[in-house]
Student: 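One structure is given below, represented as structure tokens, and several questions about it will come after.
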Amino acid sequence: MGTPLVTILSPTYNHELYIESCIRSVQKQTYANWEMIILDDGSTDNTFHIATQLSLDDKRIRVLTQKNVGVFRLAETYNKGLQMGSGKYI
């Protein structure tokens, strides 16, 4: 039996200064059986572009964008990511 898949959900909004560090941190983990779902909440900076570019080299990363719903509807954003995830653990 192999190692279980872990899903990492990363909602983000206007985090162009931090999104690459976030992704690289996950990629540096010793546990390799993971998927990362980045949920961009309609960023107006380069967050989506940076995340998308980094995902091109790592098929475990999926980047999605949506119209900005804001922090008060963050649960909806997380639920969207949960529906998309395939991991045994989140």
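The structure presented is a predicted model; accordingly, all values stated were derived computationally and were not measured. Positions are given from 1 along the sequence. Below, each value reflects all heavy atoms present in this structure, side chains not excepted, and no hydrogens, waters or symmetry copies.
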Student: Please name all residues satisfying side-chain hydrogen bond (donor to acceptor under 3.5 Å, both in side chains) with Glu76, sequence neighbours left out, ordered by chain then number.
Tutor: Arg73
Student: Please step through side chain to side chain contact (heavy atoms under 4.5 Å, CB included) for the pair Ile23 and Ile38, ending with a clear verdict.
Tutor: CA-CA 9 Å; Ile23 293 169; Ile38 299 170; 3.5 Å; yes
Student: Report the residues that fulfil salt bridge (Lys or Arg N to Asp or Glu O under 4.0 Å) with Asp45, sequence neighbours left out, ordered by chain and then residue number.
Tutor: none
Student: Please assess Ser55 against Met36 for the test side chain to side chain contact (heavy atoms under 4.5 Å, CB included), listing each intermediate value before the final yes or no.
Tutor: CA-CA 9 Å; Ser55 74; Met36 182 176 200; over 6 Å; no
Student: To the nearest 0.5 Å, how far apart are CD1 in Ile37 and OH in Tyr78?
Tutor: 12.0 Å
Student: Are Leu39 and Val26 linked, directly or through other ILVMFWY residues, by side chains that come within less than 4.5 angstrom of each other?
Tutor: no
Student: Name each donor-acceptor pair under 3.5 Å that joins a side chain in residues 61-70 to protein atoms two or more places apart or in another chain, with its distance.
Tutor:
residue: Arg62; atom: NH2; partner: Glu35; partner atom: OE1; Å: 3.1
residue: Arg62; atom: NH2; partner: Met84; partner atom: O; Å: 2.9
residue: Thr65; atom: OG1; partner: Asp40; partner atom: OD2; Å: 3.1
residue: Gln66; atom: OE1; partner: Lys80; partner atom: NZ; Å: 2.8
residue: Gln66; atom: NE2; partner: Asp41; partner atom: OD1; Å: 2.9
residue: Gln66; atom: NE2; partner: Thr77; partner atom: OG1; Å: 2.9
residue: Asn68; atom: ND2; partner: Asp41; partner atom: O; Å: 2.9
residue: Asn68; atom: ND2; partner: Asp41; partner atom: OD2; Å: 3.2

Student: For Tyr89, give me all partners under side-chain contact (heavy atoms from CB on, under 4.5 Å), at least two apart in sequence or on another chain.
Tutor: Pro4, Val6
Student: Under a single-linkage rule joining Ile, Leu, Val, Met, Phe, Trp and Tyr whose side-chain heavy atoms are separated by less than 4.5 Å, which residues share a cluster with Phe72?
Tutor: Val71
Student: For Glu16, give me all partners under salt bridge (Lys or Arg N to Asp or Glu O under 4.0 Å), at least two apart in sequence or on another chain.
Tutor: none
Student: Which heavy atom in Ile19 sits nearest to a heavy atom in Ile50, and how many Å separate them?
Tutor: CG2-CG2, 3.6 Å
Student: Is there a donor-acceptor pair closer than 3.5 Å between any side-chain N or O of Arg60 and the backbone N or O of Gln27?
Tutor: no
Student: Applying side-chain contact (heavy atoms from CB on, under 4.5 Å), name anything that partners Ile90, two or more places apart in sequence or on another chain.
Tutor: Thr7, Leu9, Leu82
Student: In chain order, what residues pass the side-chain hydrogen bond (donor to acceptor under 3.5 Å, both in side chains) check against Ser25, with sequence neighbours excluded?
Tutor: none
Student: Going by side-chain contact (heavy atoms from CB on, under 4.5 Å), name the residues that satisfy it together with Tyr18, two or more places apart in sequence or in a different chain.
Tutor: His15
Student: Which atoms form the tightest heavy-atom contact between Tyr13 and Gly42, and what is the distance?
Tutor: CE1-O, 3.6 Å
Student: Determine which pairs satisfy salt bridge (charged side-chain N to carboxylate O under 4.0 Å, His left out) with at least one residue from residues 21-30, sequence neighbours left out, and list them in order.
Tutor: Glu20-Arg24
